[in-house]
Amino acid sequence: MLNRRDMMKQGARLATASFCAARSWSHTAFAAASSASVYGQTGPTPRVGGHVRAASTTGSLSDTLDPARQSMATDYIRGNMFYDGLVTLDETLTPRPALAELLESTDFKTWHIQLRKGVCFHDGAPLTSADVVYSILRHKDPTVGSQVHYQAMAMHSVREDGPLRVIIELEAANIAFPSILGLINFAIIRNGTTQFDKANGTGPFVCAAFQAGVQSLALRNTNFWNPGGVWVDSLELISISDDMARHNALLSGDVDIIAAVDPRLVALVRERGLAVMESPTGTYTNLAIRQDVGPGQNPDFIRAMKLLFNRNQMRDSIYLGFCRMGNDQPLPPEHRDFNAHLPQTQYDPDQAKFLFKRSGFLNQSLPPLICSPAANGSVEMAVLLQNDARRIGLQLDVRRMPADGYWSQSWMRFPMGFGNVNPRASADMTFALSFASAAPWNESHWHNPQFDELLALSRSEPNEAKRHALYDDMQTLIHTDAGIGIPTFITSLDGYHTRIKGLHPHQGGQLMGYNFARSIWVDDAPTPTGSAGGQP
């Protein structure tokens, strides 16, 4: 089994034994080894067969089978069922081989990819380098509407180097590039594909039916290149956006698995003999104060707002303890590159009042604080901030926006507002997408030349300890200077019947980083009394 240190050896070589050589890197062997090493358990031997019904949280007429355009949870789940990428991300978000059995570079700028032999698309066509080149280059076409257009533009060229070899040259060195290829949207489709009324991937399931916004039916791919990598015969994926309806579907037995259990209902679900899987993730809801307009131009104001975060209260009253403490930087405590040496920002309304008064904001009319149910917990956070502000003489107006259209019409458009960020595949991606000066989702409009320089240095640093030190410095800068307040990291909660096996916590969040379908299997043996409701 490869680990992160292995990847840094020999020019960041990502490799496995040949697929044809006794299938020594099969999905089953790899998954079992990963689970045992991380969670200390192997569990019973999986069984083949069974039908599973799972309910996700989102669904709309914009649902798509085009992996480039997939942007919501249900789309991501479908993407992982029907397609494969060159790389996959394990439960610690470490890159692992998928369609690429070899990924190597000596300078972290030019990457050589060796594709796995014997892989076929669902229509029977063999996987070739032309499919990979086509799949990646279409993300650079603005008319495609790819969700990873920004990442694809960092690729200077993508070209074939034989029937099963591809060379990708980046605009600049990036040692974390394999993690980028692990994003769901970079799934490989057949060369020339332009219609997506059906999915034609190399994934473990074949699409038997798809109705946007409603449901899809997946059948086990009997010709899957990794035949031990999928267990259930069929999986029906249903979109239930209403929280109570989704929970009721689980409690009544209409579905076997649901995403996003409400923290307030965890006890009820477990009392009914069902299980709830808790996954520590890098998901966070944050307050973003723009530093180019309004009061955020004054560092005292930003510091004071962070001091008004009563993090313990937010943890207990909003998430009922299903979260970990945040410290105004974007890497969660369980992240391998987390800076554990930063002093924790504490709730201090007296110091906040002093800073507000010193900068004159106690007597000023402030822009409204924008929140929405679309950003998990932001409405409750805004109310708590408003109440604490009132106690120190600060008038803070809260404006609640509807969930529909929030990300396109409100997010990042006001001097103060809330965002919600899902786990990123690597520290590099977290920093590049949200905190670099040119980042597309730089919510506070923070510009720090020192941070940009450290990011560039980290991308070409082969020494893991030195790179970790650079990441520590970058987190310190964000914690101290950026207009971002991150009070907590949210624990992902998924509910399921105990007949469903194979689920385990995943730092990618919801339903094992949207990739649960490859791991689950059905055990219809009677459940021993008193065994329900725990971790798998």
Side-chain angles (χ1 to χ4, degrees), residues 52-60 63 67 70-83 85 88-93 147 182-185 187 213 215-216 218 235-247 249-250 255-266 269 274-285 318-320 322-324 332 334-335 373-378 403 407 419-425 429-430 488-497 500 502-520 535-536:
V52 173
R53 301 188 82 212
S56 186
T57 58
T58 60
S60 72
D63 287 357
Q70 291 174 336
S71 62
M72 302 298 286
T74 311
D75 270 345
Y76 291 151
I77 295 171
R78 273 192 293 266
N80 278 320
M81 289 194 301
F82 303 141
Y83 301 99
T88 188
L89 302 175
D90 72 7
E91 60 271 358
T92 65
L93 302 184
Q147 296 295 313
L183 296 175
I184 297 171
N185 299 102
Q215 64 181 359
S216 54
L235 193 154
E236 186 178 359
L237 182 63
I238 306 166
S239 301
I240 308 180
S241 57
D242 182 83
D243 280 348
M244 288 309 302
R246 190 171 62 257
H247 287 76
L250 178 70
V255 299
D256 303 293
I257 305 172
I258 67 168
V261 172
D262 189 313
R264 296 168 295 182
L265 298 177
V266 167
V269 171
L274 306 176
V276 176
M277 179 172 65
E278 302 177 26
S279 293
T281 74
T283 301
Y284 61 81
T285 294
I318 299 175
Y319 301 110
L320 304 185
F322 293 108
C323 63
R324 286 91 62 230
E334 65 277 359
H335 197 287
N376 184 359
S378 68
W407 301 112
N420 181 258
V421 177
N422 291 322
R424 306 295 189 195
M429 196 178 301
T430 298
T488 60
F489 290 94
I490 304 169
T491 298
S492 177
L493 303 171
D494 299 308
Y496 61 99
H497 284 259
I500 305 300
L503 291 167
H504 59 256
H506 195 293
Q507 289 184 23
Q510 189 176 117
L511 292 173
M512 295 179 62
Y514 311 107
N515 204 12
F516 73 102
R518 297 176 186 241
S519 299
I520 60 171
Q535 289 297 323

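All residue numbers refer to positions in the sequence shown, counting from 1.
Scanning both residues, Ala260 and Thr57, for their nearest heavy atoms gives CB-CG2, 3.5 Å. Closest heavy-atom contact between Met512 and His504: CG-O, 3.4 Å. When all heavy atoms of Asn80 and Tyr514 are compared, the closest pair comes out as ND2-O, 3.1 Å. When every heavy atom of Leu93 is checked against every heavy atom of Pro423, the shortest pair comes out as CD1-CB, 4.5 Å. Nearest approach of Pro505 to Ser279, heavy atoms of both residues: CA-OG, 3.2 Å. Minimum heavy-atom separation, Ser492 to Gly509: OG-C, 3.6 Å.
In this structure, the separation between CZ on Arg424 and OG1 on Thr430 is 6.5 Å, given to the nearest 0.5 Å. For the atom pair Ile258 CD1 and His247 NE2, the distance stands at 4.5 Å (nearest 0.5 Å). Taken from CG in Asn515 to CD1 in Ile184, the straight-line distance is 7.0 Å, to the nearest 0.5 Å. Taking CD1 of Ile257 as the reference point, atom CG of Leu511 lies at 7.0 Å (rounded to 0.5 Å). Note that the OG atom of Ser239 and the CG atom of Asp63 stand 5.5 Å from one another [nearest 0.5 Å]. For the atom pair Asp242 CG and Ile240 CD1, the distance stands at 9.0 Å (nearest 0.5 Å).
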Go through the steps to decide whether Met72 and Ser56 satisfy the test side chain to side chain contact (heavy atoms under 4.5 Å, CB included), and finish with yes or no.
-> CA-CA 10 Å; Met72 302 298 286; Ser56 186; over 6 Å; no
Side chain to side chain contact (heavy atoms under 4.5 Å, CB included) assessment of Tyr319 paired with Thr285 | CA-CA 11 Å; Tyr319 301 110; Thr285 294; 3.9 Å; yes
With side chain to side chain contact (heavy atoms under 4.5 Å, CB included) as the test, would you mind laying out the steps for Asp90 and Gln507 before giving the verdict?
-> CA-CA 9 Å; Asp90 72 7; Gln507 289 184 23; over 6 Å; no
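The salt bridge (charged side-chain N to carboxylate O under 4.0 Å, His left out) test applied to Arg246 returns Asp243, not counting sequence neighbours.
Listed for the Thr74 side chain is a donor-acceptor partner under 3.5 Å among the backbone atoms of Thr58. Here the side chain of Thr281 pairs no donor or acceptor atom with the backbone of His506 at under 3.5 angstrom. Checking side-chain atoms of Asp256 against main-chain N and O of Val52 turns up no donor-acceptor pair under 3.5 Å. In terms of modelled atom types and a separation under 3.5 Å, the side chain of Arg53 and the main chain of Glu236 share no donor-acceptor contact.
Between Leu237 and Met81, some side-chain heavy-atom pair lies under the 4.5 Å cut-off. At a threshold of 4.5 Å between non-hydrogen side-chain atoms, the residues Val261 and Met277 do not count as touching.
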